[in-house]
Amino acid sequence: MNKRPWSAAPVSMFFATSGGIGYVPVGSGTCGAAVAILPIVWASHMVPFSLRVAFLGVLILASILWSERAGKALQEPDSSKIVIDEVVGIWVTLVMFDALRWPQWLAGFVAFRVFDIWKPWPVGWLDRHVRNGSGVVLDDVAAGLWALVFVWGLSRFVL
């Protein structure tokens, strides 16, 4: 493994590891998802839906690039240190909700982590068949879509 991945791709490493959160020794993916909660809750109250979706689109594309470059610097394409994909997944899960309340974001966080770990179709297929930055990010986008549907249903009938 490259002993100095930060010097090889400092900007990509910063964003791909969510400012170093990816270096948490246990549960780095869960920590990466947790870090994204406050910004999406804030945005749900302060930023119009169309701008949140536009930001998410840019974030997905940038995350693919950052993950690709960080994976090369780490010499491990899908390193557990890369957690920007979890940030993207949480945003996919919660982006459509205006004025998020704690039951929604908590349900979204738990649902996203369950779908990200469980990997129902097409999450698992993307994880196994799509490589490099696209593979790192797109399976979390798919897990986020599963979680979005779940939280939307809960919000309509329970929350």
Side-chain angles (χ1 to χ4, degrees), residues 11-68 70-71 74 78-128 130 133-159:
V11 172
S12 293
M13 286 295 296
F14 177 80
F15 286 111
T17 65
S18 293
I21 296 296
Y23 282 87
V24 171
V26 177
S28 60
T30 299
C31 291
V35 164
I37 294 290
L38 187 58
I40 187 64
V41 170
W42 175 84
S44 77
H45 289 269
M46 304 301 290
V47 179
F49 173 73
S50 59
L51 290 179
R52 292 193 314 262
V53 171
F55 173 78
L56 176 60
V58 170
L59 180 63
I60 290 169
L61 294 174
S63 296
I64 290 170
L65 176 69
W66 295 327
S67 296
E68 176 87 18
L74 291 163
D78 197 359
S79 171
S80 63
K81 292 175 179 68
I82 299 171
V83 295
I84 191 69
D85 52 329
E86 275 78 17
V87 171
V88 167
I90 283 293
W91 272 74
V92 168
T93 301
L94 300 174
V95 73
M96 75 172 275
F97 297 99
D98 290 320
L100 276 162
R101 299 176 328 271
W102 74 265
Q104 290 171 310
W105 66 253
L106 182 60
F109 176 78
V110 171
F112 169 69
R113 291 307 294 147
V114 166
F115 288 120
D116 188 30
I117 293 165
W118 175 33
K119 299 196 183 308
W121 188 90
V123 181
W125 186 90
L126 290 164
D127 185 55
R128 289 186 306 275
V130 181
S134 297
V136 170
V137 175
L138 293 180
D139 69 311
D140 290 84
V141 168
L145 290 171
W146 272 111
L148 166 64
V149 170
F150 178 80
V151 176
W152 179 83
L154 278 180
S155 293
R156 296 276 300 161
F157 303 108
V158 179
L159 302 178

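Note that the structure is predicted; figures quoted are calculated from it, not measured.
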Taking all non-hydrogen atoms of both residues, which atom of [X] and which atom of [Y] are closest, and how far apart?
X: Leu94; Y: Gln104; answer: CD2-O, 3.9 Å
X: Val26; Y: Cys31; answer: O-SG, 4.5 Å
X: Ala33; Y: Arg113; answer: CB-CD, 4.0 Å
X: Asp127; Y: Asp78; answer: OD1-OD2, 3.9 Å
X: Ala147; Y: Gly108; answer: CB-O, 4.4 Å
X: Val123; Y: Ala143; answer: CG2-N, 3.4 Å

Under a 4.5 Å cut-off applied to non-hydrogen side-chain atoms, are [X] and [Y] in contact?
X: Val136; Y: Ile84; value: no
X: Phe109; Y: Thr30; value: yes
X: Leu59; Y: Trp66; value: yes
X: Val141; Y: Asp85; value: no

request  = Evaluate the side chain to side chain contact (heavy atoms under 4.5 Å, CB included) criterion for residues Phe97 and Leu148: first the C-alpha distance (whole Å), next the side-chain angles of each, then the deciding distance (0.1 Å), finally the verdict.
outcome  = CA-CA 9 Å; Phe97 297 99; Leu148 166 64; 3.9 Å; yes
Can you tell me how far [atom2] of [Y] sits from [atom1] of [X], rounded to the nearest 0.5 angstrom?
X: Arg52; Y: Ser44; atom1: CZ; atom2: OG; value: 6.0 Å
X: Trp91; Y: Asp140; atom1: CH2; atom2: CG; value: 16.0 Å
X: Leu51; Y: Met46; atom1: CG; atom2: CE; value: 12.5 Å
X: Trp105; Y: Ile37; atom1: CH2; atom2: CD1; value: 6.0 Å
X: Ile40; Y: His45; atom1: CD1; atom2: NE2; value: 10.0 Å
X: Lys119; Y: Arg128; atom1: NZ; atom2: CZ; value: 9.5 Å

task = Indicate the ring-plane relationship of Phe157 and Trp152, choosing parallel, tilted or perpendicular according to the 30° and 60° boundaries.
result = perpendicular
Audit row: Trp125, Asp139, side chain to side chain contact (heavy atoms under 4.5 Å, CB included) steps and yes/no = CA-CA 8 Å; Trp125 186 90; Asp139 69 311; over 6 Å; no
Would you say the side-chain atoms of [X] pair up with the backbone N or O of [Y], donor to acceptor, closer than 3.5 Å?
X: Ser18; Y: Gly32; answer: no
X: Thr93; Y: Phe112; answer: no
X: Trp146; Y: Trp121; answer: yes

